[in-house]
Amino acid sequence: MLSQATERSYSVRDLANINSVWASLIIEECFRLGLTYFCIAPGSRSSPLAIAAASHPLATCIACFDERSLAFHAIGYARGSRRPAIVITTSGTAVSNLLPAVVEASQDFMPLLLLTADRPPELQDVGANQSVNQVNHFGSFVRYFFSLPVPSDHIPARMVLTTLDSAVHWATSAPRGPVHLNCPFREPLDGRPEKWMLSCLNGLDFWMASVEPFTKYIQVQHYHSNTDAACRMEEISKSIQASDRGLLLLGAIHSEDDIWAVLLLAKHLCWPVVADILSGLRLRRLSSVENILFLDHLDHALVSNSFKNWMQVDAVIQIGSKITSKRVSQMLENSPPRLYIMVDEHPCRHDPSHMMTHRIQSSIVGFVDVLLRGHFLYKSSTWSDYLQALNNMVARELSFQIDAEHSLTEPQVARVISKTLSPAKALFVGNSMVIRDMDMYGQSRTNFTDKVTSTLLNSRLQYQLIQIAGNRGASGIDGLLSTAVGFALGSNKQVVCLIGDVSFLHDTNGLAILSQRTSRKPMTIIAINNHGGAIFSLLPIAKNADPQVLDKYFYTSHNVSIRELCLAHGVKHVLVHAKKEFQDALNKSNYERMDCVIEVQSDIEANAVTHSSLRSFASQAANGALRILMKIPAPGTVSLSPQFLVCEILRVEFSMYRSGFTSTDPDCDCATSYREGFLLHLYLEDNIVGLGEIAPLEIHEENLQDVEEQLRFLIHEMKGAKINYMLPTLHGSYSSWIRSELGIMPSSIFPSVRCGLEMAILNAIAGKQDSNLSSILSCHTNRDVVSEKSQGVKICALLNPHGTPEEVAQVASMLVQEGFTAIKLKVARQADPIQDALIIQEVRKKVGYKIQLRADANRKWTYEEAIRFSSSVKNCDLQYIEEPVQDEHDIVKFCEESGLSVALDETIDNCRHDPLKMLANHVHPGIVAVVLKPSVLGGFETSAMVARWAQHQEKMAVVSSTFESGVGLSAYILFSHYIDLHQAKLFKTRSHKVDPPIAHGLGTYQWLKDDVTTDPLKISHHPNSECVEANIADASRLLQNFQVNHKVMVRKSTDEEVRRYNLMVKLKGNQYSINAIEVGHETDNVLVFLHGFLGTCEEWIPIMKAISGTARCISIDLPGHGNSVGQSHATEEAAETPRLSIEIIADVLHNVLQQITSNKIILIGYSMGARISLYMTLKFTDKIKGATIISGSPGLKNASERKVRRAKDDNRAQILVTYGLPVFLDSWYEGELWKSLRSHPHFQKIVSSRLRHNDVHGLAKALSDLSIGRQPSLWEDLKHSETPLLLVVGESDAKFKAIARKMFDEFGRNREVWDGSGSPDSSCEIFEVPGSGHAAHLENPLAVARALRKFLTRVNKEFID
């Protein structure tokens, strides 16, 4: 460094003239101050500065012919790097062109150094060319101005350095901002020699011999306490603590340290947080939001006048100066809080609504540090809980509306962009409409599983920084593209820039900077082209101005080709019109190493309609949430949590029923002549019972045994679970509840089981509120507020044609006489489609054209057969035909060729995991309806989403039963009524004429001989509606006053008792006390479960109860764990404690198994228990007929690897003994192996259960003695094994998936990979548990339970054979 500095000192002395000397000193000092990026505009007068910058070996320079774009580019660099860039311009209007950027930098406190060349004094005010008054040219918008003298060797050169040092200090100290050094030069402006005196360098020797700036500004922190300030902060803390309705408002935050400080503040305050898009927390990536309540959609909730009137804030802490949301600002302005604290580092006044009660000038970190130092206790309030529930409801409604729209909308652009962001990227967002869309519709994400960079608040809270920037100082639309390019360079990230078309056109010279690609990563620029200023369409002016005036003077409509502009600058351009095109273009830009402009075609009027619709639906959601929340008892009368507890589930029971069909051949797609299912009874306090029905159809890959297995699991897990008020909102609330409250994956529950579960809970909540299912789904306050027009649901008759066309027509005529106005006929049952067509023709002829006719082909026709049918029924006025073709990809083609309308049925049966994504392929207008079978779709939540999608697309949503009893049918009637109400409300919102009621497919009630109730439904012709209706009052009565028909009930099941006992084993002079638990009845099927290290026998109880219907299940505490005692000396000869080897444990457990049963058993082991199970399976073939190895290994083959592992486990055991179990657990579960488990909602509960071990020394001994490093390798033995094995591994457990594959390859007999379905015949199988990692049995227990039962069935079959 010194040699470099010395070398430069020589070059200073050797410079040709004094202009070059001063210019070189300025550039060198900039570098020493950390300023290395120079933005150079061409010009003659600035030649000395430009040459000096370009010649500096460590400087980075960029040039642009447009000074305005160049200055905004410098601002972008400062935003990304938090360091000033230097702008060099020539004299005259070149300086004036910097003004817009100077204003932006000043307003938003961005540091910027302006070096403007100027004419010497003798050329001022004399009409010299390119000469204007540049003194104080930017007025108050700069923090510091100094006009240097003309370079002279009579002036000490160090004056130049001290002046520059002072300017940069002003630029980088609060309030940061632009500084302006005016630099006049006389000729020569090039490098022509001109003598100058070296004496002007006097005093610079020490500077030239170092690499430090000449003047170093040092801010000394005052560590002594300021008594007055401390007292004031204590008063503020007390005021904060006294607030019941506090709000934490986050403006722009620029550093990661500040973001962490804000998270810490939010965690301790327990206040709702409103995070602006520029805060870095609006599009947050948090692994946990425990105790932090983000209100991402407060802006849209405030569209509701009811909510606006209810939302009374008494205290606000605002971090950062500005927020984007106007509605939030207006809400506070209309009802000013008593306490309004504004915190920012600068001293400027930012209080446009004049509400501020306390203005604190401080860094964010400093403020949080002082505030939290007081150790005040902050508590969550009921008001905060209300807001969380309301925000969630609005969020889900907005998500649905945005995702359900098949066309590409501007809000959807914001949503898609937010989903693609990662820590490797940064976002620059333009002004006007795009920043508002990103603020309102951007999507945050929690519980991510990517690699994290840091943790702070606690060992579980992890955050990924998504850097976001925008020009919100003056909020202009100029220079945005140039700023974004500078931001990409300064942040050193791949930047996505979202910008409007007018903003893009306003700064097309930014493309010239973009095309230079100076030392930065590629950018993706998304330009929303609605051919004008769309924001004006959302302002009051749009309603009052003449359309031509609005178009010309406000929208400034244009037809400029963005593509041609990009082509002119050599920048890649992609034009997109549709959702998929946009997503594909974004994905492609992620891996292409080049800049890309993605132009999104939009329309001003369509955009205005979209935003208006979203506001309307958000308002309805907020109103619905308020109606629910207002039912909650006043604070103090019930213990409330963020989930708004109604009560606990006391217990759950289920009973099996069996009822015959009225016809021996109903063609109902059932394999038997009777219908079997289960009734679920969910008991709450106050004698409230919620009824649900689970009636699986085996054609949908469910059977009674599968279903009963899950019910046994659920009645155990649901006992004591909390039901909350928001479950009836359906927008993902059930899935969230299942995951968070029950700790299981929603997708692991069978559709029919989930349907019955949702039905029971909804009916329980309805009973609790003295209401009915339809009312609570519609968010009405009581059962009387349902419909002004109808208290019934129109029913469509179901007709299975048997006989001649005339005979079928006669049956249809009889149905019409009964009052049916809609009939669905089953087709594709005849040998020839033309025969089906003849039946349709004859029925239509018989019943006339006032009766709605539907057909259902159940995917039984080929495309050619369906076309033949359609050609014969074109004049029969079919309302629609369900599933006419076998291949769903032919549906649209069928619609277009046949001209018939189609309804989706089987096509949507498997859409429950991501309904909207699948449905996006079926927006064709020829598809006019969806048929909703809740028991197949997985309940009311998914069915409601599909119904709402259909209604959103102006298609019919028809609810259909699948031969349920009166309980299920009553729930479907109420659900159908809710769907009809929602349709009417949607039409009203859209100002559409309300269609006649839809006839729902609930006619299967006629097909069962006996009902499960002695007082069945009365479905009949209604005189007022003149059609067959199901009365909702009658359906409500059946569910609330249920009278069981014991004739059809087969048996009743309750939560099975767990039996506990201890077994004593004496082995080689030592005595072992083994704790065991047991579930199930006496049977030859005996399953024995072994846990892993740190586990206990208790963790197997849910899975054991699930399988207990077919097996006797026993779980054992391994020695050193739980209540099992490892070793006690039975004799004096055994006084010296031997190692607790896997051989000894195997012998002990074999002795236990002999005491438990004389039969052969199946072992199930996890991790350490899996290794023991495998060892025993290979050794005790006379006792073990099969084994399931979950995340287990046969050991290490290499001796050196075993040695290393022994040492590692011995060290771990020592840490466990030395530091105790709590500290050990923290360290243990930080490992990569537990990454998936850490994201489990019950992770803390699982960890807490590991603290119940009584003997830490015994646990440490088990860790050391049973180390895989001490275990003999079983790989060779595995080759000769004939005992059936099931190898279970988590889907994301890469390490043990590889081990399982190797075991599979080594196993001695025929093998196959099993996907969990069917009945495999091989002796060794691999089953990957979806959605889980290493602890698969804890993360997805239902999938593991099902795999175990199927394995048991196969082992028994093989054992018998």
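In what follows, residues are counted from 1 in the order of the sequence shown.
- Using a 4.0 Å cut-off between charged nitrogen and carboxylate oxygen, Arg1051 and Glu708 count as a salt-bridge pair.
- A salt bridge is absent between Glu842 and Lys846; no separation between the charged side-chain nitrogens and carboxylate oxygens falls under 4.0 Å.
- For the atom pair Phe940 CZ and Leu932 CG, the distance stands at 11.0 Å (nearest 0.5 Å).
- Relative ring orientation between Phe894 and Tyr863 is described as perpendicular, the plane-to-plane angle rising above 60° on a 0-90° scale split at 30° and 60°.
- When only modelled atom types and interatomic distance are considered, Asn858 and Glu906 share a side-chain donor-acceptor pair under 3.5 Å.
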### Message
Would Asn772 and Gln1040 count as a side chain to side chain contact (heavy atoms under 4.5 Å, CB included) here? Give the steps.
### Response
CA-CA 9 Å; Asn772 65 39; Gln1040 293 169 4; 4.3 Å; yes
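- Proximity of a side-chain donor or acceptor of Asp836 to a complementary backbone N or O of Ala828 within less than 3.5 Å is detected.
- Few gaps surround CE on Met1049; more than 12 heavy atoms of other groups in view lie less than 6.0 Å from it.
- The OG1 atom of Thr942 sits 12.0 Å away from the CG atom of Asp909 when rounded to the nearest 0.5 Å.
- The OG1 atom of Thr821 sits 6.0 Å away from the CD atom of Gln852 when rounded to the nearest 0.5 Å.
- Note that OG of Ser872 is 11.0 Å distant from CD1 of Ile840, once rounded to the nearest 0.5 Å.
- For the residue pair Thr962/Glu964, the side-chain donor-acceptor check at 3.5 Å is satisfied.
- Remark: the backbone N or O of Gln835 is not paired with any side-chain donor or acceptor of Asp832 at under 3.5 angstrom.
- Residues Glu702 and Ser752 have side chains that bring a donor and an acceptor to within less than 3.5 angstrom of each other.
- For Asp980 and Lys794, the salt-bridge test fails: no basic side-chain N is under 4.0 Å from an acidic carboxylate O.
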### Task
Would you please test Tyr657 and Asp1010 for side chain to side chain contact (heavy atoms under 4.5 Å, CB included) and show each step?
CA-CA 10 Å; Tyr657 71 82; Asp1010 297 299; over 6 Å; no
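- Checking Glu888, Glu882, Glu865 one by one against Arg859, the salt bridge (Lys or Arg N to Asp or Glu O under 4.0 Å) holds for a single residue, Glu888.
- With rounding to the nearest 0.5 Å, the separation of CZ in Arg854 from CG in Leu798 is 11.0 Å.
- Side-chain atoms of Gln401 and Ser613 form no donor-acceptor pair, as typed in the model, at a separation below 3.5 Å.
- Between Asn763 and Val967 the shortest side-chain heavy-atom distance does not fall below 4.5 Å.
- How far CG of Leu1038 is from CG of Asn1031: 12.0 Å, rounded to the nearest 0.5 Å.
- In this structure a side-chain-to-backbone donor-acceptor pair under 3.5 Å is missing from Glu897 to Lys893.
- Note on Asp706 versus Arg1346: salt bridge recorded, some NZ/NE/NH1/NH2 to OD/OE distance being below 4.0 Å.
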### Message
The test is side chain to side chain contact (heavy atoms under 4.5 Å, CB included); show your working for Met814 and Gln810 and say whether it passes.
### Response
CA-CA 6 Å; Met814 294 171 60; Gln810 183 60 38; 4.2 Å; yes
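- Using a cut-off of 4.0 Å between Lys/Arg side-chain N and Asp/Glu carboxylate O, Arg754 and Glu758 are scored as salt-bridged.
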### Audit row: Tyr972, Lys933, side chain to side chain contact (heavy atoms under 4.5 Å, CB included) steps and yes/no
CA-CA 9 Å; Tyr972 291 173; Lys933 301 189 290 280; over 6 Å; no
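- The closest side-chain donor-acceptor pair between His922 and Gln953, if any, does not fall under 3.5 angstrom.
- Within 6.0 Å of CG on Asn875 lie no more than 12 heavy atoms contributed by other residues, nucleotides or ligands.
- Crowding of Lys1018 atom NZ: a count of heavy atoms from other residues, nucleotides or ligands under 6.0 Å exceeding 12.
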